[in-house]
Amino acid sequence: MSEIKNLKQKLEFAAKIMKCLPGEKPRGYYNRWPEIVHSPDEIAEQDANPICFSANGKEISEMEKILDWLQPLEAFETKLVWKRANHVPWKVLAYEFKSDRTTLWRKYDRALAKILSGRTSEDLL
C-alpha cells in the first residue's frame, strides 16, 4: 500500500515541477513596460497564486524519469493519471471522460498497478 502512496507522491511532484517550467516564448523579444506596483488593497483582492520557483536540473531530471514511467500506459490511462496528479477532481474527470467516478477510480488504480509492475521499489525512492 505504501508503494502506491509513494507513486502518487512522485507523480504529484512531477506535475508540480512541470508547472514550474517556463512557458514557451518567442526568442529575442522582451518587455519594455515598467513593473506595476500594486497597492495593498489591490493585492488583497488578487487571487492567491502559489509562488513557483524555477526548477533546478536535478528536479527536472527526476521529473523526466517519472514521466518515462507513463510509457506503458494507454493514452486514456496516461491522461487520467496525469490529471489526478494535478488534483483534478473526480467529478470533473467523470464529466470529461463520460464515465462514472467509480469506474474511473478502478481504471486509475489499474493504471497505477501497471506502472508499479514495471518498477522496482528502488525506483520509487
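We count residues from 1, following the sequence as given. Heavy atoms only: backbone and side chains are in, while hydrogens, waters and symmetry mates are out.
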Practice prompt. For A94, enumerate each residue passing the side-chain contact (heavy atoms from CB on, under 4.5 Å) test, keeping only those at least two apart in sequence or located in another chain.
Written response: R101, L104
Worksheet item: Can you name the residues that form a ring-ring contact (aromatic ring centres under 6.0 Å, His included) with F13, not counting sequence neighbours?
Response: none
Fill in: Pairwise side-chain contact, T78 with Q71, heavy-atom cut-off 4.5 Å (strictly under)
no
Item to complete: Would you list the pairs meeting salt bridge (Lys or Arg N to Asp or Glu O under 4.0 Å) in which at least one residue belongs to residues 71-85, sequence neighbours left out?
Response: E77-K114, K83-E96
Item to complete: Could you pull out all residues at least two apart from S61 that satisfy side-chain contact (heavy atoms from CB on, under 4.5 Å)?
Response: none
Discussion item. Just to verify, what does D41 make a side-chain contact (heavy atoms from CB on, under 4.5 Å) with, not counting sequence neighbours?
Written reply: S39
Worksheet entry | With sequence neighbours excluded, residues passing side chain to side chain donor-acceptor pair (under 3.5 Å) with D68 | none
Worksheet item: Atom CG in L80, atom CG in L73: separation rounded to 0.5 Å?
Response: 9.5 Å
Worksheet item: Who pairs with S99 by side chain to side chain donor-acceptor pair (under 3.5 Å), at least two apart in sequence or on another chain?
Response: none
Response to the item:
Residues at least two apart in sequence or cross-chain that pass side-chain contact (heavy atoms from CB on, under 4.5 Å) with E35, listed by chain then number, are none
Item to complete: Return yes if some donor-acceptor pair links the side-chain N/O of N86 with the main-chain N/O of V88 below 3.5 Å, else return no.
Response: no
Worksheet, complete the sentence: For I66 and K10 the tightest heavy-atom approach is CD1-O, 3.4 Å
